[in-house]
Amino acid sequence: MQATGHGLSVPADGGMLISTAAMRGVTVDPVARTARAWRPAPRSRTSSTPPRRHGLAPLNGSSPGVGAVGYVLGGGLGLLARQFGYAADHVRAVELVTPDGRPRRVTEDSDPELFWGLRGAGANFGVVTAVELGLVRVTRVHGGELVFDLARTPDLLDVHRRWTRELPRN
């Protein structure tokens, strides 16, 4: 199975590649503050647009082309992680088809071990068809980039360390 551009690290001689790249979609419940990324391949840029209309955000990565489901189930350490934690910690449910062909909806209550494994263990437990995520309220995001020629600023790291020590945490 391949949802986005990432592929196997070794050839799959005699295997079959099933691309789900065209299968995308996101629904949002603003009252419950959840999003359901249905089907495996909504990209971060697509999956963050519907929640944004409600002042909510999923914990996406920094690249808008990354598949949201794979990112979240791989752990998900993104731009908002310092405040809200890993994206995988906001997964409420995973829908998948297990290797025995059974469709399942897995939550922490229904199957704690499989739920844990699906959120970052790195093993293949089946084909994920949807993920339900808790959304966070985000009203403002600050970002930017500082670029310096280190040859011209030998004390830069010490100055930066002293400056950031005094900054507010939020």
Side-chain angles (χ1 to χ4, degrees), residues 1-139 141:
M1 298 298 297
Q2 184 182 47
T4 58
H6 301 293
L8 294 173
S9 58
V10 296
D13 293 336
M16 179 188 315
L17 174 65
I18 300 172
S19 174
T20 59
M23 299 168 61
R24 303 172 192 196
V26 176
T27 57
V28 175
D29 180 340
V31 176
R33 289 178 38 174
T34 60
R36 183 172 179 265
W38 53 275
R39 304 196 176 152
R43 310 271 181 166
S44 291
R45 69 175 162 260
T46 348
S47 62
S48 62
T49 302
R52 210 172 28 217
R53 294 181 189 122
H54 304 284
L56 302 170
L59 296 180
N60 284 347
S62 58
S63 173
V66 169
V69 173
Y71 169 78
V72 168
L73 295 182
L77 183 61
L79 299 171
L80 300 173
R82 292 185 90 182
Q83 185 172 0
F84 298 109
Y86 286 97
D89 292 335
H90 294 264
V91 173
R92 304 263 176 91
V94 178
E95 296 172 26
L96 76 154
V97 178
T98 54
D100 61 2
R102 243 180 14 154
R104 297 192 52 193
R105 178 176 167 85
V106 179
T107 66
E108 189 168 21
D109 293 331
S110 71
D111 191 335
E113 288 183 21
L114 181 55
F115 187 69
W116 174 87
L118 286 165
R119 295 175 311 134
N124 186 355
F125 297 104
V127 176
V128 175
T129 58
V131 173
E132 184 180 306
L133 303 168
L135 301 172
V136 295
R137 182 151 312 279
V138 176
T139 55
V141 176

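Just so you know, these numbers use all the heavy atoms, side chains as well, and skip hydrogens, waters and symmetry mates. Residues take their numbers from the sequence shown, with the count starting at 1.
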Nearest heavy-atom pair of [X] and [Y]: which atoms, and what distance?
X	Y	answer
Gly117	Phe125	O-CE1, 3.3 Å
Arg92	Leu133	CG-C, 4.2 Å
Pro99	Gly126	CD-CA, 4.1 Å
Ala57	Val138	CB-CG2, 3.9 Å
Val97	Thr129	CG2-CG2, 4.3 Å

Going by the rule side chain to side chain donor-acceptor pair (under 3.5 Å), which residues pair with [X] if we only count those two or more places apart in sequence or in a different chain?
X	answer
Glu132	Arg105
Asp29	none
Arg137	none

Problem set entry | Heavy-atom side-chain proximity of Asp111 to Arg104 below 4.5 angstrom | yes
For this session: Spell out, as yes or no, whether a donor-acceptor pair under 3.5 Å connects the side chain of Tyr71 to the backbone of Leu77.
Result: yes
For this session: Take Asp109 and Thr107 through the test side chain to side chain donor-acceptor pair (under 3.5 Å) and record every step on the way to the result.
Result: CA-CA 5 Å; Asp109 293 331; Thr107 66; 5.1 Å; no
Exercise. More than 12 foreign heavy atoms under 6.0 Å from CZ of Phe84: is that the case here?
Worked result: yes
Seminar exercise, completed: Partner of Arg119 under side-chain contact (heavy atoms from CB on, under 4.5 Å), picked from Val106, Asp89, Leu114, Val131, is Asp89
Problem set entry | His54 vs Leu135, side chain to side chain contact (heavy atoms under 4.5 Å, CB included): CA-CA, chis, key distance, verdict | CA-CA 10 Å; His54 304 284; Leu135 301 172; over 6 Å; no
